[in-house]
Amino acid sequence: MSSVLVILETRQGELRPSCLEAVGAARVIADAKGCAVVALAPESANLDAAVIGAAGADQLMVATAEVHSADAAAATAARVAREISANTVLLTATVRGRDITPRIAALLDTGFAPDCTAVDANTMVFTRPICGGKAFSNVRINGDVVVASLRPNFFNAAGREHTAEASEVPSEAAKAQVIEVAAQSGERPDVAEASIVISGGRGMGSPDNWHLLEKVADVIPATGLGASRAIVDSGWRPHSEQVGQTGKTVSPELYIAVGISGAIQHLAGMSSSKVIVAINKDADAPIFKHATYGIVGDALEILPELAAELEK
Ligand SMILES: Cc1cc2nc3c(=O)[nH]c(=O)nc-3n(C[C@H](O)[C@H](O)[C@H](O)COP(=O)(O)OP(=O)(O)OC[C@H]3O[C@@H](n4cnc5c(N)ncnc54)[C@H](O)[C@@H]3O)c2cc1C
């Protein structure tokens, strides 16, 4: 019997939450095809078979390696895909997913649909935003196996009672050895996965004012901190926080843009957010054309008031 294979991603030994959304999407496809869902963690990690089973997986395979390079992770995934006759391979469209997805497609000699926001399980047509979110492309992969990566925050875990059957699989040898993985500083969730993101732009005035954004983020649990490229280029914040065309794509439930003008390259990374709140002192700033709610005023005055209200 064929299967839908989901490649799990871990960070610092823990499963990344968006993987459970991919497992849920795999469940929907598998139900339409009448086949099983196999989740593969291409490195050893702290994984709960009950959580992964509840999200939709029938089986959980854990590869034996400690630290995995992208080439070894892709080779392991492609080998497992062949072994279980996978008809579909799903990943998350994270930085790591973007690295591994095309490698797996190449090894399986098939095409891939990157950064998808929807899939029709009956027709296997994947929808993906293009041109910075201004248009959508519907993609169907011709071939025996379909490879796709899914944008975080667009799919849902199945939410059922099931514990995945766990087993170990050998890892492929790495051609490139990972020497070090530099841990991201701080406890906040990655902007690409957070369900709420508050981002600052040049309108914040100075890195010394960043604590005003952090204060708001601290009041709302699991809020990610983002920044415009102007901020990252100025060295105020790390590139891992940059939202936009040359940064990360985010699709949170709520995106709060503070002192960000709304340049097209920034919009490319956040315009698919469900609710957008813009705080800007210029009522004509382009960001307001895309905002669900707008506050015109000085961010340095508004943020403390916002934090105080939220604290209540
Ligand atoms: C190839 C390329 C790729 C790019 N990729 C990205 C990308 O990935 N992400 C990205 O963000 N940009 C990207 N850019 C840059 C982009 O074009 C903009 O330059 C950048 O987004 C502007 O950042 P900003 O909105 O913080 O600054 P600005 O455009 O300078 O806007 C600052 C805003 O703050 C407001 N403001 C000022 N003071 C206050 C205050 N006290 N209170 C409230 N509001 C205030 C102003 O009215 C203004 O609207 C890219 C550009 C290129 C050419």
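Indexing begins at 1, ligand by ligand and atom by atom, following the structure's order. Position 1 is the first residue of the sequence, and the numbers go up from there.
A salt bridge links Asp115 with Arg151: the distance from a Lys NZ or Arg NE/NH1/NH2 to an Asp or Glu carboxylate oxygen falls below 4.0 Å. Ion pairing between Asp218 and Arg188 holds under the 4.0 Å rule for side-chain N and carboxylate O.
Side-chain contact between Asp58 and Arg27 is present, with heavy atoms from C-beta onward closer than 4.5 Å. By the 4.5 Å heavy-atom criterion applied to side chains, Arg79 and Pro170 are counted as neighbours.
Ordered by chain and residue number, the residues placing a heavy atom less than 4.0 Å from ligand 1 are Gly201, Arg202, Gly203, Ser228, Arg229, Ala230, Gln242, Val243, Gly244, Gln245, Thr246, Gly247, Gly259, Ile260, Ser261, Ala263, Gln265, His266, Asn280, Lys281, Asp282, Gly297, Asp298, Ala299.
Applying the salt bridge (charged side-chain N to carboxylate O under 4.0 Å, His left out) test to Glu161 and every residue at least two apart in sequence or in another chain returns nothing.
For the pairing with Leu60, the side chain to side chain contact (heavy atoms under 4.5 Å, CB included) check across Leu40, Thr163, Ile52 returns one residue only, Ile52.
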